[in-house]
Structures are given as structure tokens and as C-alpha cells.
Colleague: 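Following this message is one structure expressed as C-alpha cells.
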Amino acid sequence: MTLTQLSTFIEIADTNNFTSAANKLGYAQSTVTTQIKQLEEELGCPVFDRLGKTVVLTPAGYRLLMYANKLLQLEREIHMEVPEADEPSGVLKLGVSESLCYNRLPHYLMEYKTRYPKVDIQIHFIMHDTFPEMLKKGELDLVYTLNPLIEDENLDMLYKKEETLGFYVSPTHPLAKKKKVVEADLNDVPLLLTSHNCSFRHMLLNDFEDKQIKSNVILETSSKEVLKQFAMNGLGVAFMPDMAAEKELENKSLVRLPWKGADFPIYSQVFVHKDKYVNKAIEGMLNLISED
């Protein structure tokens, strides 16, 4: 069993197709087929079910995937840490919430590449309910997320900073001129919210339910850009992190409502898995985030 075979196995598991995996890896399809055949012969069991042109993991394949990700993560850490060098190198897999990409993350990435040019960063957009498992499997090294405080015995929080959420409307919206807005003002008002599994949405709708306010959700999307476009066109009230609307406030295409209702505490937070070794590459990103 080789790391090359495991890398090929992971790529096929991701694409569910031998040909797609071969093209992405730059191999001939016969090479990929041979690698998986050798892997299965060594393990004594199939790791994929072949369903026409599509392949899916067998139960044994699912078990192997967890270990394969861990082994490749260890390989990355070896390349980062074992060579005697003051400057880290290798690959840093960073999971990030979309909201943090509007003004903060691009600045961090540019500065990081200046400080650590030998580290390649792979960015993955994450959801709050899936990233802990990705850290556990080694699919991510570090997570920078925006959420209510997350407590998980399998995670180490390395950083947190209090952030804010806001309600945004077009300057022509009927609520734009109000001096105070509370839950009752949003009763049956068209709402533009984040996707179904987003913690921001749950916080707001739970508050509405507690106060017996009728929620009228007309749009659900993970894209803050879509939320802003709908709000700018007067189609509803967008509820989202303030950091995602700074440009629109500055050019006055959106108005932030003077909210006097319930508080919705959220924090930007940085996590690693509890067993993760915090190497120099991770420390470098953490230092940049903490300096802001």
C-alpha cells in the first residue's frame, strides 16, 4: 500500500468516477485502475462498487477513507515540520465561512503568502455542522468560522472575537426610515435569510417563534451576494453578518435597520482538532488573524 495509491483512492471517492480522477491526477485511466486493483488485492476486499460508469464506496472503502485522509495529512505535516528550516512549507488546508471572505480573508491570504511563500493554501468553504468531522478526518488543518460560540470536546478553539449581525434593506424600503425596529415590525415581512442549516437563520427564527412573530421567508441562500442583491432591489429584509455589507453601507445601496430586539451573539473563531499538532504554518495563519 502506497501513499500514491491512497491519493488516487481519495480522488476517486471524491469524483465517483475513475476517468475523472485520472484526468485530475494526470494519469492514464489504466494506471488508476491498476492502483486500485493492487490496493484491493492487498486489503483482500473491494473498496468500490462499480455501477456502470459510476463507482461508490463499499463499507470497507468508507473505513479506508478515514485512514487514508489521516495518512496523507501526516505526510503533509512531515513535509512541513521535518526538514530543518525556519520557513514552513507544504500545504495548509483551511476551512472558512463565506462571510469572512468579504474583507478579512483576502487580506490575510496576501500577507500570509508574503510571509510564508513556500506554503500552498487550499481553501474550502465550510458549514458549522460539517467542519468538525472534516477536521477529524484530516480533510482540513484549520478552520476559521463565523458562528455562535461552538463547544466541542473534539475541537481546540485557538481564537475568538465577538462579531455582529444586522438587518439590511433598500433605502426605499418602508422600514428604512424607522428609528427603532423590533420583532413585531418584522411580522409577516418578507425575509431574506441564509440557508436552512445556517446558525444565523436558526437564531432569528427561534426568536420569532418565542415572541409569536409570523416569519415570511421568501429566499434562502448560502450566498450573501444574492441576499444583498434582493435587498437592494426592495424585495425584503436581509439578515446577515455586518462584515458582509460594509461596501453597500458605504455606497448607500443598503441601510442597516436600527435593531432594538433580541441580541444574536456570534463570534469569529479558529479551531483545530484536539489531537492536531499546531505547526508553524498553522501558527502563522493564527497570528495573522489574531493581529487584526
Colleague: Test Phe131 against Phe271 for ring pair (Phe, Tyr, Trp, His ring centres under 6.0 Å), laying out the working first.
Modeller: CA-CA 10 Å; Phe131 81 76; Phe271 291 99; 5.8 Å; yes
Colleague: Are any side-chain N or O atoms of Gln269 and backbone N or O atoms of Ile150, one a donor and one an acceptor, separated by less than 3.5 Å?
Modeller: yes
Colleague: Does a donor on one side chain and an acceptor on the other come within less than 3.5 Å for Thr15 and Asn17?
Modeller: no
Colleague: Within a 6.0 Å radius of atom OH on Tyr108, are there more than 12 heavy atoms belonging to other residues, nucleotides or ligands?
Modeller: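 Buried by this count: over 12 neighbours within 6.0 Å.
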Colleague: Does the pair Ser222 and Thr194 meet the rule for a side chain to side chain contact (heavy atoms under 4.5 Å, CB included), with working shown?
Modeller: CA-CA 5 Å; Ser222 61; Thr194 45; over 6 Å; no
Colleague: Would you call Lys276 and Asp141 a salt bridge, using N to O less than 4.0 angstrom?
Modeller: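 Looking at Asp141 together with Lys276, the answer is yes, because their closest N to O distance falls below 4.0 Å.
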Colleague: Working to the nearest 0.5 angstrom, can you tell me the gap between Leu286 CG and Lys280 NZ?
Modeller: 15.5 Å
Colleague: Is the shortest heavy-atom distance from the side chain of Tyr168 to the side chain of Leu257 under 4.5 Å?
Modeller: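 A side-chain contact under 4.5 Å is absent here.
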Colleague: Distance alone, cut at 3.5 Å: any donor-acceptor contact between the side chains of Thr19 and Gln29?
Modeller: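 Thr19 vs Gln29: donor-acceptor pair found between side chains.
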Colleague: Just how far is it from atom NZ of Lys214 to atom CZ of Phe208, taken to the nearest 0.5 Å?
Modeller: 12.5 Å
Colleague: Check the hydrophobic clustering (I, L, V, M, F, W, Y; side-chain heavy atoms under 4.5 Å; chains of links allowed) and say if Leu158 and Val143 are grouped together.
Modeller: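 Looking at the clustering, Val143 is in a separate group from Leu158.
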Colleague: Let me confirm one number: the CG-CG distance from Leu140 to Leu142, rounded to the nearest 0.5 Å.
Modeller: 9.0 Å
Colleague: State, yes or no, whether a side-chain contact exists between Val91 and Val119 at a heavy-atom distance under 4.5 Å.
Modeller: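 Result no, sub-4.5 Å side-chain heavy-atom pair not found.
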Colleague: Would you confirm whether Lys228, through its side chain, and Ala238, through its main-chain N or O, come within 3.5 Å as a donor-acceptor pair?
Modeller: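 No; zero donor-acceptor contacts below 3.5 Å.
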Colleague: Decide yes or no for Ile121 and Tyr112: does some side-chain heavy atom of the first lie under 4.5 Å from some side-chain heavy atom of the second?
Modeller: yes
Colleague: With the side chain counted from C-beta on, respond yes when Val96 and Cys101 share a heavy-atom pair under 4.5 Å apart, and no when they do not.
Modeller: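 Yes, at least one pair of side-chain atoms sits under 4.5 Å.
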Colleague: Please determine whether salt bridge (Lys or Arg N to Asp or Glu O under 4.0 Å) holds for the pair Lys93 and Glu139, giving the CA-CA distance in whole Å, both sets of side-chain angles, and the decisive distance to 0.1 Å.
Modeller: CA-CA 7 Å; Lys93 293 189 175 183; Glu139 295 172 4; over 6 Å; no
Colleague: Quick one, Leu65 and Asn69 - any side-chain contact, counting heavy atoms below 4.5 Å?
Modeller: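 Yes, their side chains come closer than 4.5 Å.
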Colleague: Give a yes-or-no answer on whether the side chains of Ser268 and Glu163 include a donor-acceptor pair shorter than 3.5 Å.
Modeller: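 Yes, a side-chain donor-acceptor pair sits under 3.5 Å.
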Colleague: Can you tell me if Ser97 uses its side chain to pair, donor with acceptor, with the backbone of Leu146 under 3.5 Å?
Modeller: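 Checking the backbone N and O of Leu146 against the side chain of Ser97, a donor-acceptor pair under 3.5 Å is found.
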Colleague: Hydrophobic cluster membership, with links at side-chain heavy-atom distances under 4.5 Å among I/L/V/M/F/W/Y: are Ile36 and Leu57 in one?
Modeller: yes
Colleague: Please determine which of Lys247, Lys224, Met243 meets the side-chain contact (heavy atoms from CB on, under 4.5 Å) test together with Tyr102.
Modeller: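 Answer to the side-chain contact (heavy atoms from CB on, under 4.5 Å) test with Tyr102 among Lys247, Lys224, Met243: Lys224.
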Colleague: Working to the nearest 0.5 angstrom, can you tell me the gap between Leu254 CG and Arg256 CZ?
Modeller: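 Rounded to the nearest 0.5 Å, the CG-CZ separation comes to 12.0 Å.
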Colleague: Could you check whether Thr8 and Gln35, counting side-chain N and O atoms only, form a donor-acceptor pair closer than 3.5 Å?
Modeller: yes
Colleague: So, do Gln5 and Thr2 sit near enough that their side-chain heavy atoms are less than 4.5 Å apart?
Modeller: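 Side chain of Gln5 against side chain of Thr2, heavy atoms only: contact under 4.5 Å found.
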Colleague: Taking atom SG of Cys198 and atom CE of Met127, what is their separation to the nearest 0.5 Å?
Modeller: 5.5 Å
Colleague: Applying a strict under-4.5 Å side-chain criterion to I, L, V, M, F, W and Y, I'd like to know whether Tyr27 and Phe9 cluster together.
Modeller: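 Yes, because Tyr27 and Phe9 connect within a single hydrophobic cluster, where side-chain heavy atoms sit under 4.5 Å apart.
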Colleague: Any non-hydrogen side-chain atom of Phe239 less than 4.5 Å from a side-chain atom of Arg201?
Modeller: no
Colleague: Find out if a path of hydrophobic residues (ILVMFWY) with successive side-chain heavy-atom gaps under 4.5 Å connects Tyr159 to Ile266.
Modeller: yes
Colleague: When rounded to the nearest 0.5 angstrom, what is the spacing between OG in Ser99 and CG in Leu105?
Modeller: 12.0 Å
Colleague: Same cluster or not: Tyr267 versus Val270, using hydrophobic residues (I, L, V, M, F, W, Y) connected whenever any side-chain heavy atoms lie under 4.5 Å apart?
Modeller: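 No; tracing contacts between hydrophobic side chains, which count when under 4.5 Å, never links both residues.
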Colleague: Kindly determine whether Lys274 and Asp156 satisfy salt bridge (Lys or Arg N to Asp or Glu O under 4.0 Å), including the steps that lead there.
Modeller: CA-CA 5 Å; Lys274 65 180 179 63; Asp156 281 342; over 6 Å; no
Colleague: Ring-plane angle category for His202 and His196, please: parallel below 30°, perpendicular beyond 60°, tilted otherwise.
Modeller: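 Rings of His202 and His196: perpendicular, over 60°.
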Colleague: Is the closest side-chain donor-acceptor distance between Thr54 and Asn16 under 3.5 Å?
Modeller: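 The criterion, which ignores hydrogens and geometry beyond distance, is not satisfied for Asn16 and Thr54.
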Colleague: Going through the distances and angles, do Asp242 and Thr164 end up as a side chain to side chain donor-acceptor pair (under 3.5 Å)?
Modeller: CA-CA 6 Å; Asp242 288 323; Thr164 54; 2.5 Å; yes
Colleague: Can you tell me if Asn147 and Ser199 form a side-chain donor-acceptor pair at under 3.5 Å?
Modeller: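 Present: a donor and an acceptor within the cut-off.
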Colleague: Closer than 4.0 angstrom, basic N to acidic O: yes or no for Arg115 and Glu291?
Modeller: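 Answer for the salt bridge query: yes.
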Colleague: Do Thr172 and Ser170 get their side chains close enough for a donor-acceptor pair, meaning under 3.5 Å?
Modeller: yes
Colleague: For a 4.5 angstrom cut-off between non-hydrogen side-chain atoms, does Leu193 reach Leu205?
Modeller: yes
